Amino acid sequence: MINIIIAGPRGKMGSEAVRMVTNEENFRLVACLDNKNNGKKLMDLTPFPNLDVPIFEDIDECFDSVEADVLVDLTIPEVGYVHTKKAIEHNIRPVIGTTGFSQEQITELKELTKNKNLGGIIAPNFAIGAVLMMKFSQMAAKYMPDVEIIEKHHDNKLDAPSGTAVKTAEMIRETRKLKSQGHPDEKETLNGARGAEMDGMRIHSVRLPGLVAHQEVIFGGDGQLLSIKHDSFNRASFMDGVKFSVEKVFELNELVYGLENVI
Ligand SMILES: NC(=O)C1=CN([C@@H]2O[C@H](COP(=O)(O)OP(=O)(O)OC[C@H]3O[C@@H](n4cnc5c(N)ncnc54)[C@H](O)[C@@H]3O)[C@@H](O)[C@H]2O)C=CC1
Ligand SMILES: O=C(O)C1=N[C@H](C(=O)O)C[C@H](O)C1
């Protein structure tokens, strides 16, 4: 049995994770971390009528009160970072879906787990299709280095570009010959028109109601275009990856950044 704490249980992803964890035979949800509802139970909140699971606002109190093996964090970047650090301190394996961490934060957290031989996963995207989209893009970039990334999300998203877009660019730069996208003399007459720049690649972030999570990686060549596209139409699309990660962290002895490294 794997004892799990979920941070962010009322969120779009967190509530889906509560459903997944409580439906899995070998998972037990032992507590939730929330920014309100301290002292209540999940069953006091409308979406979870039967769940006798304590809610904590204070992470230290939570970790001192329950025995947990894994922390699943689906919150906001500043909170997720603190939660991950605290989890590592308490030898609780972090499974982090929260996006928006800096490279420095990821490196620091990785070092902390290495010192403790503790497994963990930070996955900017838990959907297997998205992981494949990133891997295929990495392959394509070797042959077609002219590339732009367009990510589209719901308009409640806090971070831009998305964690998936950043990860995609990081993976692409491992195989792509460095080059700057577009005309060397191009000028933006409206700030931001060419999107964000990362290693010469351009990343464009669209935020609209109605969207969930979508990304297209477009490669251009002489007389041809290659589009590699992935769409998540609901949050259930991420849950196989969360489940996989919760089980996988027991086989790891450090924090791994990106599901592509463990599937
Ligand atoms: N890795 C992946 O596959 C995916 C990652 N995400 C990421 O997951 C995160 C959450 O996304 P959504 O569920 O869409 O956002 P959301 O806004 O629906 O949920 C965030 C939740 O965090 C909670 N929260 C804020 N401060 C907190 C604190 N101090 N302690 C505990 N909980 C706190 C809020 O109450 C809220 O319920 C975002 O960073 C998003 O980018 C989202 C979808 C997939
Ligand atoms: O906020 C979201 O919704 C998503 N966030 C992740 C990201 O930033 O890449 C994963 C997915 O795109 C959904």
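Note that the coordinates shown come from a computational prediction; the quantities given were computed from them, not determined experimentally. Just so you know, ligand 1 is whichever comes first in the structure, and atom 1 is the first atom listed for that ligand. We number each residue from 1, following the sequence as shown.
Taking 4.0 Å as the cut-off between side-chain N and carboxylate O, D231 and K229 count as a salt-bridged pair. With respect to the salt-bridge test (charged N to carboxylate O, under 4.0 angstrom), the residues K12 and E16 do not qualify.
When only modelled atom types and interatomic distance are considered, E216 and H214 share no side-chain donor-acceptor pair under 3.5 Å. A donor-acceptor contact closer than 3.5 angstrom links the side chains of Q181 and D146. Side-chain atoms of E148 and H204 form a donor-acceptor pair, as typed in the model, at a separation below 3.5 Å.
A distance limit of 4.0 angstrom between heavy atoms and ligand 1 selects the residues G8, R10, G11, K12, M13, L33, D34, N35, L74, T75, V79, H83, G97, T98, T99, A123, P124, N125, F126, K157, D159, F238. When heavy-atom distances to ligand 2 are checked against 4.0 Å, the residues falling inside are T99, P124, N125, H153, H154, K157, D159, S162, G163, T164, A213, F238, ordered by chain and number.
Every residue meeting the side-chain hydrogen bond (donor to acceptor under 3.5 Å, both in side chains) condition with N125, not counting sequence neighbours, appears here in chain and number order: T164. For the ring pair (Phe, Tyr, Trp, His ring centres under 6.0 Å) test, residues two or more places apart in sequence or in another chain that qualify with F63 are H90.
A distance of 9.5 Å separates CD1 in I150 from CD in Q215, rounded to the nearest 0.5 Å. The distance from the CD1 atom of I5 to the CZ atom of R28 is 13.0 Å, given to the nearest 0.5 Å.
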